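Shown next, in structure tokens, is the structure this report addresses.
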Amino acid sequence: MKRFDAVIVGARCAGAATALLLARAGARVLLVDKGSYDTDTLSTHALMRGGVLQLHRWGVLPAIAATDATPVRSTTFSYSDQDLTVAIEPRYGVEALYAPRRRLLDRVLVDAAVASGAAVEYGVRVEDLIRDDRGRVCGVLVAGGIQRIEAETVIGADGLHSLIAQRVRAETVVAGRYKAATLYTYWQGLQTDGYYWRFTTSGSMGAIPTNDHATCVFVAVSPERLKDEISRNPLTAYRKWLREAAPAIDAQLDSATRTEPVRGFGGHVGFIKTSTGPGWALVGDAAYFKDPLTAHGITDALRDAELLVRAIVKGTATALHDYEVTRLDLSRRLFEVSDEVASLSWTDDRVQSLHRTLSTEMSREVRALVALEPLTCHLPSVSALPEA
Ligand SMILES: Cc1cc2nc3c(=O)[nH]c(=O)nc-3n(C[C@H](O)[C@H](O)[C@H](O)COP(=O)(O)OP(=O)(O)OC[C@H]3O[C@@H](n4cnc5c(N)ncnc54)[C@H](O)[C@@H]3O)c2cc1C
């Protein structure tokens with residue numbers, strides 16, 4: 001039997017960031033993942049300013065830049081009638097945005113967590129929770145229930161289909177209505193300048209410069225269309241939908257080199273769930289999933305990792321309550337915009353209006369993060385989430 005202040009289930013952006021911050025606050029942290037170190041996952045991995053700001057604040061941005069991820073210095077929103085390009089102004093220590101491949105982003109965060117004192121174990125599948133005689137969560141069972149890991153706090157950072165969220169019956173507080181499907185792959189030799197998002201009534205797509213001088217190019221369609229039209233050859237469907245959404249970009253692909261197979265996501269309706277309770281917490285997609293068309297999941301996971309750790313460090317019911325209120329306040333409008341964008345049934349004017357709201361909300365999120373004092377305090381003793 002092992003005992004920790006916190007066991008975190010899921011060692012990707014949400015879990016590794018939470019482990020890093022809790023370990024720096026002085027907690028004994030175990031981070032486990034059923035998968036492997038240094039692996040990729042389904043994502044087009046574009047970071048927004050809030051996400052890059054967090055990496056900068058935690059001192060890990062130089063390690064991201066050192067992966068040779070292409071610095072992104074502008075964002076272009078392309079519509080039927082116009083292209084709007086916005087420069088990324090150097091501000092708050094963020095000189096450029098990045099879209100590092102997930103194997104690199106997640107590895108940098110895990111390495112930083114280990115350097116901060118967290119223990120990390122891969123190949124560990126959590127199968128259930130342990131509760132004390134009052135029903136409070138006090139650990140996890142792994143490997144067919146043979147191994148018990150006890151902890152004051154169990155944090156589920158186990159993604160969209162979170163086992164921890166299911167076991168604690170986390171309540172859905174906001175539910176989405178729509179979902180979009182995504183197909184994407186990577187191209188070398190494509191002329192890109194910054195993030196490029198195209199939203200027209202003929203289709204939606206994006207081009208995201210990343211590592212290895214490659215660009216991730218995705219196209220979004222309705223899940224029904226994905227099901228009806230996807231053939232044995234996903235590349236054919238991908239190119240057809242890209243041709244409809246952005247003929248000029250599709251034409252460029254003829255002379256570019258595709259470096260990986262086409263990957264697909266069938267879509268999932270978004271949710272915001274309660275993220276704390278007696279002895280447990282949720283972070284990242286486990287607690288808050290929104291359609292990836294607004295490319296904001298990682299940024300919000302990095303935001304909430306810090307807000308959650310601050311609340312745990314304070315260790316009071318008020319701090320946890322305030323955390324839930326702040327998280328919901330910063331998330332709700334962004335969630336609603338993402339949901340409506342995912343419907344893929346807006347007009348040109350409406351989608352431009354949604355993007356203006358998105359931009360306002362992202363600025364608000366950044367201001368909220370900038371206002372936080374550096375997180376330097378040490379846990380007085382064992383950090384326990386108080387009774388809800
Ligand atoms: C197609 C697509 C494109 C996207 N594009 C973007 C984008 O451009 N920008 C952006 O910001 N976001 C994007 N997102 C969203 C982003 O990828 C997620 O928000 C992010 O991955 C959430 O991170 P996480 O750490 O919460 O969960 P995950 O990355 O899902 O990690 C969860 C981890 O938990 C582990 N785990 C699960 N169950 C167990 C268990 N029982 N025991 C042990 N370990 C377990 C898994 O192995 C996994 O490693 C996209 C998502 C999709 C699907």
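Predicted model only: the values in this text are computed from it and were never measured. Index from 1, following the sequence. Indexing begins at 1, ligand by ligand and atom by atom, following the structure's order. Below, each value reflects all heavy atoms present in this structure, side chains not excepted, and no hydrogens, waters or symmetry copies.
- Heavy-atom proximity to Ala14, at under 4.0 Å, picks out these atoms of ligand 1: 24 (P), 25 (O), 26 (O).
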query = Would Arg28 and Asp5 count as a salt bridge (charged side-chain N to carboxylate O under 4.0 Å, His left out) if you check the C-alpha gap in whole Å, the side-chain angles of each, and the deciding distance to 0.1 Å?
reply = CA-CA 5 Å; Arg28 286 168 296 139; Asp5 293 332; 3.0 Å; yes
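- For atom 9 (N) of ligand 1, the closest heavy atom belonging to the protein is Ala46 O, 3.0 Å.
- Seen from the ring of Tyr186, Arg101 counts as a face-on cation partner, given the 6.0 Å and 45° thresholds.
- Between atom 21 (O) of ligand 1 and the options Arg12, Lys290, Arg102, the minimum heavy-atom separation is to Arg102.
- At the top of the distance list for atom 52 (C) of ligand 1, counting protein heavy atoms only, stands Pro292 CG, 3.6 Å.
- When each atom of ligand 1 is checked for a heavy atom of Gly297 under 4.0 Å away, the hits are 10 (C), 11 (O), 12 (N), 19 (O).
- At the top of the distance list for atom 18 (C) of ligand 1, counting protein heavy atoms only, stands Asp285 OD2, 3.2 Å.
- Taking every non-hydrogen atom of His296 and a distance limit under 4.0 Å, the qualifying atoms of ligand 1 come out as 10 (C), 11 (O).
- At a heavy-atom distance under 4.0 Å, atoms from both the backbone and the side chain of Asp33 approach ligand 1.
- Taking atom 30 (O) of ligand 1 as the reference point, the nearest protein heavy-atom neighbour is Gly159 CA, 3.6 Å.
- Annotation: Gln82, atom CD; neighbour count of heavy atoms from other residues, nucleotides and ligands within 6.0 Å is above 12.
- Of all the atoms in ligand 1, the ones that sit under 4.0 Å from a non-hydrogen atom of Val124 are 42 (N), 43 (C).
- Neither the backbone nor the side chain of Ala99 comes within 4.0 Å of ligand 1, counting heavy atoms alone.
- Side-chain polar atoms of Ser338 and Asp291 form no donor-acceptor pair below 3.5 angstrom.
- In this structure, the protein non-hydrogen atom closest to atom 39 (C) of ligand 1 is Lys34 CD, 3.8 Å.
- Near Arg125, the atoms of ligand 1 lying under 4.0 angstrom from a non-hydrogen atom of the residue are 42 (N).
- Close placement of the Tyr195 and Trp197 rings is indicated, their centers lying within 6.0 Å of each other.
- Other residues, nucleotides and ligands place more than 12 heavy atoms under 6.0 Å from the CZ atom of Arg91.
- Heavy-atom contacts from other residues, nucleotides or ligands closer than 6.0 Å to CG of Asp193 number 12 or fewer.
- Close to ligand 1: Cys13, with a non-hydrogen atom less than 4.0 angstrom away.
- What sits closest to atom 11 (O) of ligand 1 on the protein, heavy atoms only, is Ile298 N, 2.8 Å.
- Ring planes of Trp187 and Tyr238: parallel class, angle under 30° (limits at 30 and 60°).
- Scanning both residues, Thr85 and Ser74, for their nearest heavy atoms gives CG2-CB, 4.0 Å.
- Of all the heavy atoms of Ala301, none lies under 4.0 Å from any atom of ligand 1, so neither backbone nor side chain is involved.
- When each atom of ligand 1 is checked for a heavy atom of Gly10 under 4.0 Å away, the hits are 33 (C), 34 (O), 35 (C).
- Put simply, the residue from Leu235, Val221, Ile230 that forms a side-chain contact (heavy atoms from CB on, under 4.5 Å) with Leu183 is Ile230.
- Counting heavy atoms closer than 4.0 Å to ligand 1, residue His45 contributes backbone atoms (N, CA, C, O) but none from C-beta onward.
- With atom 32 (C) of ligand 1 as the reference point, the heavy atom nearest to it among Gly51, Gly156, Ala11, Ala157 is part of Ala157.
- Of the polar atoms of Ile208, none of the N or O atoms is found under 3.5 Å from an N or O of ligand 1, judged by distance alone.
- In this structure, atom 1 (C) of ligand 1 lies nearest to the protein heavy atom Phe265 CB, 3.6 Å.
- Test Ile164, Leu31, Val142 against Val9 for side-chain contact (heavy atoms from CB on, under 4.5 Å) and you get one pass: Ile164.
- For atom 8 (O) of ligand 1, the nearest protein heavy atom (residue, atom name, distance) is Thr44 OG1, 2.8 Å.
- Of the options Lys290, Arg303, His296, a side-chain hydrogen bond (donor to acceptor under 3.5 Å, both in side chains) to Ser331 is made by Arg303 and by none of the others.
- Using a 4.0 Å cut-off to heavy atoms of Gly284, the atoms of ligand 1 that qualify are 26 (O).
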key: Intermediate values then yes/no, ring pair (Phe, Tyr, Trp, His ring centres under 6.0 Å), Tyr92 and His56   = CA-CA 9 Å; Tyr92 310 127; His56 165 66; 9.8 Å; no
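- Which parts of ligand 1 touch Ser43 is read off a 4.0 Å heavy-atom cut-off, strictly below it: atoms 2 (C), 3 (C), 4 (C), 5 (N), 6 (C), 13 (C), 14 (N), 16 (C), 17 (O), 50 (C).
- Tyr288 and Asp304 share no side-chain donor-acceptor pair at under 3.5 Å.
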